[in-house]
Amino acid sequence: EVQLVETGGGLVQPGRSLKLSCVASGFTFNNYWMSWTRQAPGKGLEWVASITNSGGSTYYPDSVKGRFTISRDNAQNTLYLQMNSLRSEDTATYYCTRDPRGYFDYWGQGVMVTVSS
Amino acid sequence: DIHMTQNPVSLSAFIGDKVTITCRASQDISRYLGWYQQKQGQSPKFLMYYASNLLSGVPSRFSGSGSGTEYSLTITGIQPEDAATYFCQQCYSYPRTFGGGTKLELK
């Protein structure tokens, strides 16, 4: 059974940093691209970042490019999202997702990030 | 960026009804479209890929169609467990983008 478990969320002040982690199990982690997708309270879904299975390439939308960094440790079956210079508009539930061919076929339970002073 | 427009934003249906949700892309996405279902308080669930290919385990009352810029998700014979918000998503190009969602409520 595929499982994705996110940790690291919380309340953070604007301008500060936070790092999310996602531990994967139930599949061969290093065979899959992985992504982060977020959902602001009561809003829709927004793709945040993707990383190739080797970690050699990463992709971001303009809204987070230069502030967020996705990375992975294939030996530990773990995906990360380093979030710097956080803004109030980054407040959302962040989901770790498996990313085969551009779709998001498995989602974690999500972790809440609140950016507020 | 490819903008995805879903309609309607919300709809209400009876058990057993047939409903259709549409998703329009701002440019041709060549059927690189997925559909997701999100129930209240839960993570999204992947239903369908390449516009019409159902994931294993998804009930056959769900179907998808479309091409170019126009796509649709149809539920034929709605069941109580189908009450949810449905999102479309294009993976034709970066950035990956989602539709705004369609909330399906049961009468």
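Side chains are part of it too, since the values below use all heavy atoms of this structure and drop only hydrogens, waters and symmetry mates. Naming: A, B, ... by sequence-line order, numbering from 1 per chain.
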Contact class of B/Gln42 relative to chain A, heavy atoms under 4.5 angstrom:
backbone

Under 6.0 Å between ring centres, would you say that holds for B/Phe46 and A/Tyr103?
yes

With a 4.5 angstrom heavy-atom cut-off, which part of B/Leu55 approaches chain A: side chain, backbone, both or neither?
neither

Examine whether an atom of A/Tyr59 lies under 4.5 Å from a heavy atom of chain B, and if so say whether it belongs to the side chain, the backbone or both; otherwise answer neither.
side chain

Looking at chain A, which one of B/Phe87, B/Tyr50, B/Tyr94, B/Tyr49 has the largest number of heavy-atom pairs inside 4.5 Å, strictly under?
B/Tyr94

Does the plane of the ring in B/Tyr32 sit parallel, tilted or perpendicular to the ring in B/Tyr92? Use 30° and 60° as the thresholds.
tilted

State whether the number of non-hydrogen atoms from other residues, nucleotides or ligands found under 6.0 Å of B/Arg61 atom CZ is greater than 12.
yes

Checking A/Thr93 against chain B: side chain, backbone, both or neither under 4.5 Å from a heavy atom?
neither

Please say whether more than 12 non-hydrogen atoms of neighbouring residues, nucleotides or ligands are located less than 6.0 Å from CD in A/Glu89.
yes

Does the plane of the ring in A/Trp107 sit parallel, tilted or perpendicular to the ring in A/Tyr95? Use 30° and 60° as the thresholds.
perpendicular

Is A/Glu46 in contact with chain B via its backbone, its side chain, both, or neither, using a 4.5 Å heavy-atom distance?
backbone

